[in-house]
**Q** 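This is the structure I want to talk about, given as structure tokens.
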Amino acid sequence: MPVTVLPLSRHVTTDGSVTSGRKKFGFVTGKHAEAQANEFIISVVRFIDVCSVEQIRLVPDKFISVCKRLHEEVINLNAPRKIQASSEHLTPLHPDFLQVCLLAKCYKIGYGILEDDIYEVDQPRDFFLYCYYGGMVCIGHKRFAKALELFHNVVTAPMSTMNAIAVEAYKKYILVSLIHLRQFSASFPKYTSSVAQRNLKNFSQPYVELANSYNTGNISELKAFVQANREKFENGNNLGLVNQVVSSMYKRNIQRLTQTYLTLSLEDIANTAQIDTPKEAEMHVLQMIEDGEIYATINQKDGMVRFLEDPEQYNTCEMIKHIDSSIQRIMKMSKKLKTMDESMSCDPLYLSKVGRERQR
Amino acid sequence: MDTDEIFTNGVDDEPSPPQQQQQRRPIISSEQLDIEAYAALYTGRTKISRLLFISDKCDNVSVKLEALRMAYVEVKKGENTQLFREVVQKIDGRLGLEYGNDVNWMDAVDRRADVRKEKLENELNAYRTNLIKESIRMGYNDFGDFYYARGTLGEAFKNYVRTRDYCTTAKHIIHMCLNAILVSIEMGQFAHVTSYVSKAEQNKADLDPITIAKLQCAAGLAHLEARKYKQAARKFLETAPELGNSYSEVIAAQDVATYGGLCALASFDRAELKAKVIDNINFRNFLELVPEVRELINDFYSSHYASCLDYLGNLKANLLLDIHLHDHVETLYTDIRNKALIQYTHPFVSVDLNMMANAFKTTVTGIQKELEALITDNQIQARIDSHNKILYARHADQRKATFQRVLQTGVEFDRDVRAMLLRANLVKHDYNVKASRKI
């Protein structure tokens, strides 16, 4: 099969969806191995197109493995990187790439793309989609901090009208904030656009109420609320996250106990944190110790848990390296900020606008 | 013997066996409020309001009826038929025929009132045509007094305020302010009280000590209603003892002591409590009138928490019948109790919860719950060892905390700057698009 070289502008996304029998795949070819991969992809896609449903149903496993291979190949092509002008540029491909990763549940690969910091954006819509899909990829990869950051960027991005992506992102933002930070602040930062500030809460009413109910610390209330609004959460495809929120409530309650108690019996923990049995409480505490979220020792003989201080003493070599690298990173960031500031003050458009306003 | 001394946990000058401790406690009034004595402290409209309030809030039927009876007698002395009707309705015939609805009296009073009103109106019109400031002022003042006696407080207030334009000397202004304050307190509009107090205090030179004391009481009441207990306490504590009974239309000297004492206990820290309350010679005169409050404050200061809380408990029932204080009793009591708990734990590195529970007359679980709330609120720096029931003081490690904060700030700065650069870029792009469209 001849592989034609097309100009970059007609670069088409390869997400495996077949719309018609004829599709032109253009790649910047280089290596022979790639040509082979391309052939494989094309042939597989043609096959999926023309095969009959009954026959496929007879051999489901083989079909699945073929599809998986297709996905892998596509992803390994690493399409977005080829078109990126610099590693800090967001291209139209990014969100599509991330969408593919989401659908294929290959979160790790998607996460690799996200690790670059983005500073230059061509199309705001791409940006919104990128952040939204990126956030979801991070959730899949269990990196809640980065997900929070991405959703935060969507919600606070400058926008002149409401868009659905921001609304969906805000809903997920609330949920991830509850899971990761165990709290949610309903006030928007000052730089949020006024459109967002006014309207976002109206569109995501059940989620805001969920956050309020979470703050009370009452698990049975929270569960009842989730049950009552189950449909709404399902419609937003957020039921999984909501369930995670409920289970994070236990962790929140246990964490508060570490602030006030030195030792506590498992029964008391179960009572205060509204867990059903001491055995379950022990499971939760054990889980949290393993995850490194609290420092404690469980004495099974007495049924006592002893809460310890954070053993980090900040006096090791690793800590010094960590602090040093942080300092370096921040210094770089400051320099970048300064250059951007300088470039903006030389920008003719900006100067003309400021000049006009001053005259007024 | 030994355990008793530890349990009392107080500042003892000399070792005191239990019998002496009992003797040191003077009067404890857990009896019913003596209505006659209470009502005798007040005059005028506030007496009736207070009696009605007591009859509403008190559960004891005999006290209720006694209060209503006294209110009836008091109302008949005045000219307020509306209030009379209310009282009769509340009595509901329970006191017999002589305390029933007296239509004749009401009609007579109403007729008299109408006649007087006409007369006042004519006089006022006459004065207004003559344009003599002093007479107009007197005219409005009389109107205000008339409406106040009739019970239409809104009109009374309006008329008192109208005299302002015709006041020529500072004394007139002070007179007007006092009237306005009186009516505002009765109406429950304490915002006006504060403004008129400050207005009156502008002419400090012309004020005699009694008026100053009156104004301070009024200001204290306003702060109390606004839940600003610290400022209320300060005002009450500054009140001069010359007040005596001269402000009985509003407040009695005992009230000044009670309100001031409780607010101070709930909001002052230890140094202020000593300086402004215990060593305050002027306030001591007030405290003599309510020895329980005096004992209570002294006990708190010397860490005899059990007896302090006892006194508080005894006073509570009667304080809930007080018209100004009843909303605040719960808050003040909780504040005082929390302060006691914090003060108890403050000097120690470790505290046995059993002994603490004894000192505060509750169970160990109870005290653990209270301490947990205070620790979560960050008012006590400590941790509870629930297994051995000991409270350990805990001092934050500054060095670690600093490191944590530094790293956290670095992360946040990084994140915020990146987000900011991104947003700036978005705005620039948006702006470029707009600009290119224009071109």
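Letters A, B, ... are given to chains in the order of the sequence lines, protein chains preceding strands, and every chain is numbered from 1.
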**Q** A:Q313 and B:R399: which non-hydrogen atoms are nearest, and at how many Å?
**A** O-NH1, 2.9 Å
**Q** Kindly indicate, with the supporting measurements, whether the criterion side chain to side chain contact (heavy atoms under 4.5 Å, CB included) is fulfilled by A:L148 and B:R415.
**A** CA-CA 11 Å; A:L148 209 58; B:R415 196 185 58 205; over 6 Å; no
**Q** Roughly how far, to the nearest 0.5 Å, is the CG atom of B:D414 from the CE atom of A:M333?
**A** 4.0 Å
**Q** To the nearest 0.5 angstrom, please state how far the OG1 atom of A:T260 sits from the CG atom of B:D377.
**A** 12.0 Å
**Q** Does any N or O in the side chain of A:R306 come within less than 3.5 Å of the main-chain N or O of B:D385, such that one atom is a donor and the other an acceptor?
**A**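 Checking the backbone N and O of B:D385 against the side chain of A:R306, no donor-acceptor pair under 3.5 Å is found.
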**Q** Give a yes or no on this: more than 12 heavy atoms of other residues, nucleotides or ligands lie within 6.0 Å of atom CD of B:Q379.
**A**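 Enclosed.
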**Q** Is there a side chain to side chain contact (heavy atoms under 4.5 Å, CB included) between B:L421 and A:L337 once you walk through the steps?
**A** CA-CA 8 Å; B:L421 288 174; A:L337 195 58; 3.7 Å; yes
**Q** With a 4.5 angstrom heavy-atom cut-off, which part of A:H322 approaches chain B: side chain, backbone, both or neither?
**A**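 Contact with chain B involves the side chain of A:H322 alone.
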**Q** Evaluate the criterion side chain to side chain contact (heavy atoms under 4.5 Å, CB included) for residue pair A:I323 and B:F403; output intermediate values, then yes/no.
**A** CA-CA 9 Å; A:I323 296 180; B:F403 270 108; 3.7 Å; yes
**Q** How many angstroms lie between CD1 in B:I384 and CG in A:L257, if you round to the nearest 0.5 Å?
**A** 10.0 Å
**Q** Before you tell me yes or no, could you show the steps for A:K336 and B:R418 under side chain to side chain contact (heavy atoms under 4.5 Å, CB included), namely the whole-Å CA-CA distance, both residues' side-chain angles and the distance that decides it to 0.1 Å?
**A** CA-CA 10 Å; A:K336 197 186 186 73; B:R418 267 187 286 139; over 6 Å; no
**Q** Might you point out which heavy atoms bring B:R423 and A:T156 nearest each other, and give the distance in Å?
**A**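 In this case the closest contact between B:R423 and A:T156 is CD-O, 3.3 Å.
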**Q** Tell me whether A:R256 at atom CZ has more than 12 heavy atoms from other residues, nucleotides or ligands lying less than 6.0 Å away.
**A**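 No, because the 6.0 Å sphere around CZ of A:R256 holds 12 heavy atoms or fewer from other groups.
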**Q** A quick test of your reading: do over 12 heavy atoms of other residues, nucleotides or ligands sit less than 6.0 Å from NZ of B:K228?
**A** no
**Q** Just wondering, are more than 12 heavy atoms of other shown residues or ligands nearer than 6.0 Å to NZ in B:K400?
**A** yes
**Q** Using 0.5 Å steps for rounding, measure from the OG atom of A:S334 to the CZ atom of B:F413.
**A** 4.0 Å
**Q** Would you say NE2 of B:H346 has more than 12 non-hydrogen atoms from neighbouring residues, nucleotides or ligands within 6.0 angstrom?
**A**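 Atom NE2 in B:H346 is not crowded, with 12 or fewer foreign heavy atoms closer than 6.0 Å.
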**Q** How far apart are the closest heavy atoms of A:T258 and B:R383, and which atoms are they?
**A** O-NH2, 3.1 Å
**Q** Are the side chain of A:R329 and the backbone N or O of B:G410 linked by a donor-acceptor pair below 3.5 Å?
**A**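 No; zero donor-acceptor contacts below 3.5 Å.
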**Q** Quick one: of B:H387, B:Q404, B:M420, B:Q368, who has the most non-hydrogen atom pairs under 4.5 Å with chain A?
**A** B:H387
